[in-house]
Amino acid sequence: MQNLLHNLNPEQLAAVTLPSQSALILAGAGSGKTRVLTTRIAWLIQTGQVSPSGILAVTFTNKASKEMMARLSAMLPINTRGMWIGTFHGLCNRLLRAHYRDAGLPQTFQILDSQDQLSMIKRMLKTLNVDDEKYPPKNVMYFINGAKDQGLRAQAVEAYDDYNRKLVELYDIYDGQCQREGVVDFAELLLRSYELLSRNQPLREHYQARFRHVLVDEFQDTNDLQYKWLKLMSGQGRENGAAVFAVGDDDQSIYAFRGANVGNMGAFEREFAVQNLIKLEQNYRSHGHILDSANTLIANNSKRLGKNLRTDAGHGEPVRIYEASSDLQEAQWIIEESKSLIAEGAARNEIAVLYRSNAQSRVIEHALFSAGIPYHVYGGQRYFQRAEVKHAIAYLQLMDNPHNDSAFLRVVNFPTRGIGARALEQLQDAAQQHRISLYAAVPYVAGKAGSTLNGFVRLIEGARFESQHLPLAEMVQVVLDASTLLTHYQNEKEGADRIENLEQLVSAATLFVSEEGFGRDAPAFLGPKAQAAGSAIVSGDGIEIVDADAPLATVMSPLSAFLSHASLEAGDNQAQAGQDALQLMTVHASKGLEFDAVFITGLEEGLFPHENSALAEGGVEEERRLMYVAITRARQRLYMCFAQTRMLHGQTRYHLRSRFFDELPEAALKWLSPKIAHHWSAAQKSAWDDVPEAGANHNKVARQIGHKDIGWRIGESVAHQKFGEGVIVDIEGGGGNARAHINFGRHGMKLLDLGVAKLEKLG
DNA sequence: CAGTGCAATATTTTT
DNA sequence: TATTGCACTG
């Protein structure tokens, strides 16, 4: 135990050893948040305050829950079994599998990923003859997920106009269709288990009595439903409710766009009567100038719980800022700087290049490629999302639950087996008419179409029969063969990679079986019969309790478990550790990571902060938090850059430099290129002098795009009485009639007569 | 039923 | 600029 608490700073120690009451830990970037969380669990167990089965620890990502698990098993001699550690969705899946009956689901219910969900909505809109111009499938999906994320069923959604009433109706129909197919989307996992526990008193009381300590990571990212779920699980408001230990950072809340509600932190403080609010403000990551920049920037946000990071490290290097003439030149500069960092001995994978949106990576990638610098882009296609893997998974899904129409449609004619649009139309009509799944509707289709469809059914049944007693990996192999997927890709010229991916599915199954305890000595899957009692807890009359913490193998078949795994864990999208390559990613993707050197690129009005953020309530504040996250990724070196000209959607755009530059402390900065004139000070003039080549370059470019005869030039910064700062994007006409297209950022693009408009030169 | 071509479209994203 | 979905043709 001495060991456990060793090396914790006073705040961390206080947090770890808090009494069993609800607490809110405001954990700044780089303050040892994960360490506190895991040590808290270890300490609670080691001091005998709680048994492992009394712990519920929730995270958002699989990566975070795995890390927690790994750290815990390193800290504790006992095994981590019995503890509930996982993602919200993973835990809900487990709960619903164990209590599928009470939850009103088939035992083999399957999980739709967002792709499946969208295609299902498209299908639904088509069969209902809904105008998809007026109701774009994506919007319908956002509406449905938005409602579910607030814990609302269709009946509970208030609609004030016809448009929304229609959306509510579609939501209801969608839910009905999911129920018929035996599928649940991500939000449904949460909502269904929430409803299960709120309706079922014995179950609720069972879990409430069981979990004594509930710990939540990244609490600022919880949505309304997750918060309600936590309240229910912890028995909030009850006399002997669990102690909830919520760890989060309101300044790093960057997911409002997908329903996260930072307000949950304040609500938590009130509703859980938090008496212990602990701030972890000691930062172990970044040098002083970097931290000062982060602190000064975030102070511009109004709604904060309040927190200021400090460090014992010295000031370190200043934050270097570079103004490029174009996105190409920006990329070039990043390469030059990286080269000198590497020459100084920096590891390539300790250098990160961050951008606001994915589209920005292309130019940078191109430049890196030309320069021969290895790099890795985060966030590409993930394993289980690849088309060929999804196809194979669809066959497996049909074997486990043939009523999954999404899976059916994905592979009924892939590889092609002569089932075309006509046949499917007939089938869909039959299914619609009898209100059954496509699979079940096959016998209702007559003629040639009927017999080809029946051939497909026999294929699925055959594979199911052939593999029913085989271990999972062999089952996968049977599917690969029976589906003719392998032969299909063998005949395709670009098929080699796909075949490799398909073969990997067999090893993925093997690995899954051994890791998740479905191996040879796994407890027997209880099967439908043994679970006839549904949730056995309910009876409480001697029937053995089937709690959701029973080994996974007892509540679901290996196949069901593997399919859940494929949906819930889309697979790796991280760079391989140790790979010696520059790390390219969006700022969002960088959250939680840290690097010796970080480039924040494209710091321009309209890009970062993004133009769309101006519309959303609190949008700019979220962008500022995003910037805060970006800054706090850096340990020793931080670079920021922006470009005057940028190719965006095939058009050249002119942007002002980001307002965030005006929110940073001058003393921490070093401008490598001239700041726009009206902001110049003696300090920056000398900074300018440090880098004569950059300045020379700047002037050269200005001359190239110049329109010198009328005193104004394209790319020049100007100020207007009413519209504020802008950039001349184009000039038409000449002499006395010259008119200029000027981008005033927030005020949009204006066409002004240069002879009439009173413009002030800024550059 | 497959391949070709045109038009629309375009933050951030985990589960 | 790139992708992606849909309509049309062979």
Side-chain angles (χ1 to χ4, degrees), chain A residues 58-65 86-93 111-119 122 126 132-133 136-138 142 145 148-149 184-191 193 217-218 221-223 225-226 253-260 327 354-363 365-366 378-382 384-385 387 413-424 452 564-571 573-574 585-592 602 606-616 619 622-623 625-627 629-630 646-653:
Chain A
V58 199
T59 65
F60 277 87
T61 64
N62 293 301
K63 191 180 159 209
S65 84
T87 63
F88 278 102
H89 295 86
L91 295 171
C92 288
N93 180 42
I111 302 164
L112 294 180
D113 65 23
S114 346
Q115 252 178 70
D116 300 330
Q117 189 187 19
L118 186 62
S119 72
K122 282 184 184 165
K126 206 161 251 174
D132 58 3
E133 298 265 289
K138 274 224 174 87
Y142 294 149
N145 290 342
K148 288 190 181 187
D149 285 344
V184 298
D185 57 52
F186 288 131
E188 183 73 21
L189 283 170
L190 266 297
L191 184 51
S193 52
D217 192 16
E218 306 279 15
D221 289 339
T222 50
N223 64 33
L225 178 55
Q226 286 158 339
S253 158
I254 55 172
Y255 288 111
F257 72 91
R258 65 174 197 217
D327 48 351
L354 310 184
Y355 34 81
R356 174 66 243 263
S357 66
N358 287 301
Q360 288 167 250
S361 78
R362 230 190 41 249
V363 175
E365 282 185 67
H366 183 78
Y378 275 51
Q381 265 279 33
R382 294 156 85 201
F384 285 109
Q385 314 259 63
N413 196 36
F414 191 92
T416 30
R417 42 177 76 87
I419 299 173
R422 271 170 320 148
L424 287 181
T452 28
S564 301
H565 169 79
S567 306
L568 291 177
E569 200 171 337
N573 76 5
Q574 309 284 315
M585 66 194 85
T586 63
V587 180
H588 281 91
S590 76
K591 193 176 163 208
L607 242 199
F608 199 177
H610 196 278
E611 51 201 353
N612 295 357
S613 71
L615 308 167
E622 177 141 324
E623 296 288 304
R625 291 193 291 269
L626 198 52
M627 181 68 182
V629 167
R646 180 178 298 276
M647 218 36 167
L648 213 61
H649 307 329
Q651 278 194 320
T652 306
R653 305 233 321 205

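Computed from a prediction, not measured in an experiment: that's the story for all the values here. Residue numbers start from 1 in every chain, and the chains themselves are labelled A, B, ... in the order their sequence lines are given, proteins ahead of strands.
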Just to confirm, is there a sub-4.0 Å distance from OP1 or OP2 of [N] to any side-chain nitrogen or oxygen of [X]?
X: A/Thr87; N: B/dT14; value: no
X: A/Asn358; N: B/dT12; value: yes
X: A/Arg382; N: B/dT13; value: no
X: A/Asn62; N: B/dT15; value: yes

**Request:** For A/Tyr142, check ring-ring contact (aromatic ring centres under 6.0 Å, His included) against everything at least two apart and list the hits.
**Result:**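 For A/Tyr142 there are no ring-ring contact (aromatic ring centres under 6.0 Å, His included) partners, ignoring immediate neighbours.
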Roughly, in whole Å, what's the span from [atom1] in [X] to [atom2] in [N]?
X: A/Asn413; N: B/dA2; atom1: CG; atom2: P; value: 6 Å
X: A/Gln360; N: B/dT12; atom1: CD; atom2: P; value: 9 Å
X: A/His565; N: B/dT14; atom1: NE2; atom2: P; value: 16 Å
X: A/Leu190; N: B/dT14; atom1: CG; atom2: P; value: 17 Å
X: A/Arg258; N: B/dT12; atom1: CZ; atom2: P; value: 13 Å
X: A/Gln115; N: B/dT13; atom1: CD; atom2: P; value: 16 Å
X: A/Leu648; N: B/dT12; atom1: CG; atom2: P; value: 11 Å
X: A/Asn145; N: B/dT14; atom1: CG; atom2: P; value: 15 Å

If we only count heavy atoms from C-beta on, is the [X] to [Y] side-chain gap below 4.5 Å?
X: A/Arg653; Y: A/Leu607; result: no
X: A/Met647; Y: A/Val363; result: no
X: A/Leu189; Y: A/Phe88; result: no
X: A/Leu191; Y: A/Leu225; result: yes
X: A/Arg646; Y: A/Thr652; result: no

**Request:** Select one nucleotide: of B/dT12, B/dT15, B/dT11, the one nearest the side-chain heavy atoms of A/Thr586.
**Result:**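 Per side-chain heavy atoms of A/Thr586, the pick is B/dT12.
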**Message:** Taking the minimum atom-to-atom distance to the side chain of A/His649, which one of B/dT11, B/dT15, B/dT12 wins?
**Reply:**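 The answer is B/dT11.
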With heavy atoms under 4.0 Å as the rule, sort [X] into base, sugar-phosphate or nothing.
X: A/Ala421; answer: sugar-phosphate
X: A/Phe257; answer: base
X: A/Glu623; answer: base
X: A/Leu112; answer: nothing

**Request:** Using the heavy-atom set of chain A and a strict 4.0 Å cut-off, write down the first and last nucleotide of DNA chain C that makes it in, 5' to 3'.
**Result:** C/dT1 to C/dA2
**Message:** Would the base of B/dT15 count as contacting A/Ser114 through its side chain, where contact means a donor and an acceptor less than 3.5 Å apart?
**Reply:** yes
**Prompt:** Which comes earlier along DNA chain B counting from the 5' end, the contact point of A/His588 or that of A/Ala423, where each point is its nearest nucleotide?
**Reply:**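 Here A/Ala423 is the residue nearer the 5' end.
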**Request:** Starting from the 5' end of DNA chain B, give me the residue, A/Tyr142 or A/Gly418, whose nearest nucleotide shows up first.
**Result:**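 It is A/Gly418, whose closest nucleotide lies nearer the 5' terminus.
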**Side-chain donor or acceptor of A/Asn62 paired with backbone N/O of A/Leu568 under 3.5 Å** = yes
**Item:** B/dT12 glycosidic torsion: syn (within 90° of 0) vs anti
**Value:** anti
**Verdict with supporting geometry, A/His588 and A/Leu626, side chain to side chain contact (heavy atoms under 4.5 Å, CB included)** = CA-CA 7 Å; A/His588 281 91; A/Leu626 198 52; 3.5 Å; yes
**Asked** Any stacking of A/His610 on B/dT11, going by centres under 5.5 angstrom and planes within less than 30 degrees?
**Response** yes
**C/dT4 versus B/dT13 - spacing of their P atoms, nearest Å** = 16 Å
**Asked** How far apart are the closest heavy atoms of A/Asp185 and A/Lys148, and which atoms are they?
**Response**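 Minimum heavy-atom contact is OD2-NZ, 2.8 Å.
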